[in-house]
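Report on one structure; see the data block that follows.
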Amino acid sequence: MRNCGRKFWTQLRRLKRVENVLKEITPKSVDYSQWYVDVIKKADMVDYAPIKGFMVIKPYGYRIWEFIQDAMNAEFRATGHENAYFPLLIPENLLLREAEHVEGFSPEVAWVTVGGGEVLAERLAVRPTSETIVGAMYARWIQSYRDLPVLMNQWSNVVRWEKATRPFLRTTEFLWQEGHTVHRTESEAEAETRQQLEIYRRVIEQELAIPVIAGRKSAGERFAGAIDTYTLEALMGDGRALQIATSHFLGQNFAKAFNIQFLDEDGVQKYGWTTSWGSSTRMIGGLIMVHGDDKGLRIPPRVAPLQVVIVPITRGSEGEQVLRYARELETRLKSRFRVRLDDRAEYTPGYKYNDWEMRGVPLRIEVGPRDVANQALVLARRDTGAKETVSRDRLEETVVNQLTAIQHNLFAQALQEQHRNRRSVTHYREVEKYGYRGLFDGDWCGRESCADTLKTETGMTIRCLPLDGPTIQTGCVVCGQLAVSHIVFARAY
RNA sequence: CGGGGCGUAGCGCAGCUUGGUAGCGCACUUGCUUUGGGAGCAAGGGGUCGGGGGUUCGAAUCCCUCCGCCCCGACCA
């Protein structure tokens, strides 16, 4: 009888809990976009700004960006790049220099036409990207082959006037880094382009735990003004692909447009070979979609603003003792981990569990009178939900091990998800039976007309010509004729 | 740019059909009791009902108009 009663109440409590969670976060399976919006708002990462298409990145979201910056800066420096800063505004004549570039960006450029109360003689573009102004400066700085290579990066904001926006994934203004380099030879510039793509892959896979597919963009998807665009594509939880970083080989297009010339060793004036590469706060959107679940965020430990949260259970008269014990654990962890003791008296432990789970903190330590008595603590993992009791003297080593395990597990889960949703097809109509979700491998004849058909018929685009993986096996997935490339296609963000 | 939805307290909403003292839940403040998976009780604070105009004795409610936001599709880190 007593057992029955207890079971009943446990059940009821569980139902109530599910209900509460549902109230705050729409389940992924019900409405993926709504889930995404709920998570970022509940996790306190962003808020909508009072201007359409703009967002405020709040400290909890911005901290993740700072970890990404740290990881990238380290990689960039190790490969000889230096940070610099170029102007926000670009004179119209500069933006017009490279024909393809203007054509690609002009629809989304914002213009400044008035300054100091007077109409400007020449309107100024708010940078949508900085190739043009950087190019103009490089032309002034480079004279000799001895000045090369020029390897610079800038962290900045850019503005692209978008019609449909989503926090992190596509906002009118966004934060990013853009690297701009000039090289003496074509092969050196190409190598740079590939090297930077690998840096992105490392940071994205190792720090953000997001598995990517590296490839080359088809002509139709290339950066405006580039000879070649390399990309990293990631699969999101709803089966759509996200372009998460790009690296462009610009050939001599911009060098010629901006007159970036140098006198080579052989006494001949030559144009430089340039590259540019970028990654943005969009990566954070990817991180949310790849790892998040119905309880909220799951942040990989390496970029988690908080890695461990300690929740004391200050029950009854032993409250002070538990708090002392918890503070001692906090002190021990503080030097090595990002830890916080949540000693807010106004919330119950259960509330705190849910709160921190929503925010995606990888590890939670629970300590109560029982643990004080046993000289132990309870460790709960956010990724699996598993709880274990750990003796106090094994605290640090267990935390290290578990954080490492979580980082790996999140990547492994995401990779498994990617594999499960990547399929080879011989004809594009096959994607219908998969609900147009996932990544599809196939062959392509190389004609833009077939890419157009694919798009109109399925809403899918060629994400990339993968650098590694299967080779050409059959005919074009659209026309069936002789294929020249292997492609990965998907619906994309 | 098309389609849909919405605008009433910080958040979520009811009230509008049929005009008559602006409400509910959560959150917030204070106090007491609580705390091992979203605590309870009590007492409080908080609103030019998105803006403007009109009808009316009287408008959150009816009419006109403007604005904004979100979601879904066509173009893009």
Side-chain angles (χ1 to χ4, degrees), chain A residues 10 13-14 16-24 26 31-38 41-42 47-54 104-109 128-129 157-178 200 217 220-224 229 231-233 242-248 276-286 295 311-319 322-323 343-358 364-372 377-378 380 385 387 389 455-456 459 461 491-493:
Chain A
T10 311
R13 227 179 298 131
R14 191 185 307 144
K16 198 181 161 206
R17 187 174 136 235
V18 168
E19 206 174 86
N20 277 331
V21 172
L22 286 182
K23 252 187 268 174
E24 300 202 45
T26 308
D31 183 343
Y32 197 83
S33 332
Q34 194 54 48
W35 167 82
Y36 178 79
V37 171
D38 289 349
K41 289 208 76 174
K42 293 299 172 189
D47 199 2
Y48 292 101
I51 315 133
K52 183 182 165 67
F54 289 76
F105 279 104
S106 62
E108 39 187 349
V109 170
T129 178
N157 57 341
V158 286
V159 167
R160 296 181 187 175
W161 219 261
E162 299 285 353
K163 287 165 187 164
T165 57
R166 302 171 62 117
F168 289 119
L169 299 173
R170 177 167 298 106
T171 45
T172 303
E173 178 191 21
F174 58 92
L175 302 184
W176 75 344
Q177 61 66 220
E178 47 177 327
Y200 287 142
K217 283 289 184 188
E221 299 281 331
R222 217 174 263 156
F223 175 74
T229 288
T231 179
L232 297 179
E233 301 285 324
L242 181 75
Q243 177 178 308
I244 204 163
T246 48
S247 183
H248 316 291
S276 69
W277 23 275
S279 65
S280 71
T281 39
R282 170 180 263 196
M283 286 183 283
I284 300 174
K295 286 176 164 183
V311 178
I313 295 118
T314 54
R315 182 155 41 97
S317 55
E318 295 144 301
V322 170
L323 265 180
D343 58 0
R344 293 176 295 176
E346 65 272 27
Y347 295 108
T348 60
Y351 177 92
K352 293 174 184 175
Y353 296 169
N354 288 289
D355 196 38
W356 293 115
E357 279 171 0
M358 212 154 61
R364 179 180 68 243
I365 290 173
E366 307 169 8
V367 283
R370 211 160 59 208
D371 304 295
V372 175
L377 51 104
V378 172
K387 280 194 195 188
T389 302
K455 176 145 200 188
T456 12
T461 49
R491 284 192 171 164
Y493 272 97

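Residue numbering restarts at 1 for every chain, and letters A, B, ... go by the order of the sequence lines. Note that these values count all heavy atoms, side chains included, but never hydrogens, waters or copies made by symmetry.
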For [X] and [N], give me the distance from atom [atom1] to atom [atom2], rounded to whole Å.
X        : N      : atom1 : atom2 : result
A:Tyr493 : B:rC76 : OH    : P     : 18 Å
A:Tyr347 : B:rG37 : OH    : P     : 19 Å
A:Lys217 : B:rC76 : NZ    : P     : 11 Å
A:Trp277 : B:rA77 : CH2   : C1'   : 15 Å
A:Glu108 : B:rA74 : CD    : P     : 17 Å
A:Phe54  : B:rC70 : CZ    : P     : 12 Å
A:Lys352 : B:rG37 : NZ    : P     : 13 Å
A:Glu173 : B:rC76 : CD    : C1'   : 17 Å

Would you check if A:Phe174 stacks with the base of B:rA77, given a 5.5 Å centroid limit and a 30° plane limit, both strict?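 By the stated criterion, A:Phe174 and B:rA77 stack.
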
OP1, OP2 of [N] versus side-chain N and O of [X]: anything below 4.0 Å?
X        : N      : value
A:Arg166 : B:rC71 : no
A:Lys455 : B:rA74 : no
A:Thr348 : B:rU35 : no

Measuring only the [atom1] atom in each nucleotide, how far is [N] from [M]? A whole number of Å is fine.
N      : M      : atom1 : value
B:rU48 : B:rC1  : P     : 32 Å
B:rC26 : B:rG46 : C1'   : 14 Å
B:rU30 : B:rG19 : C1'   : 40 Å
B:rU35 : B:rG50 : C1'   : 43 Å
B:rG7  : B:rC13 : P     : 8 Å
B:rC49 : B:rC24 : C1'   : 15 Å
B:rC64 : B:rC71 : C1'   : 28 Å
B:rG52 : B:rA14 : P     : 24 Å

Any base atoms under 4.0 Å from [X], or only sugar-phosphate, or nothing? Heavy atoms, all strands.
X        : value
A:Ile244 : nothing
A:Lys387 : base
A:Ala245 : nothing
A:Pro312 : nothing
A:Thr456 : nothing

Between A:Glu233 and A:Lys217, is there a side-chain N and carboxylate O pair less than 4.0 Å apart? yes

Can you name the nearest heavy-atom pair linking A:Ala224 to A:Gly104, along with the distance?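 Scanning both residues, the minimum pair turns out to be CB-CA, 3.8 Å.
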
On a heavy-atom basis, which atom in A:Trp356 and which in A:Arg344 lie closest, and how many Å separate them?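 For A:Trp356 versus A:Arg344, the nearest heavy atoms are NE1-NH2, 4.1 Å.
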
Answer whether the closest heavy-atom distance between the side chains of A:Arg166 and A:Val37 falls below 4.5 Å. no

Could you check if a side-chain atom of A:Thr231 sits within less than 4.5 angstrom of a side-chain atom of A:Glu221, using non-hydrogen atoms only?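 A side-chain contact under 4.5 Å is absent here.
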
Name the pairing partner of B:rA43, where a pair is Watson-Crick or G-U wobble with both distances under 3.5 Å, or state none.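 Pair assignment: B:rA43 / B:rU29.
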
May I ask which nucleotide in the shown strands pairs with B:rA9, Watson-Crick or G-U wobble, both distances under 3.5 Å? none

Per atom distances to the A:Gln243 side chain, the nearest of B:rG38, B:rA77, B:rG36 is B:rA77

Between A:Phe223 and A:Phe105 (judged by ring centroids, cut-off 6.0 Å), do the two rings come close enough to count as a pair?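 Ring-ring flag for A:Phe223/A:Phe105: true, centres closer than 6.0 Å.
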
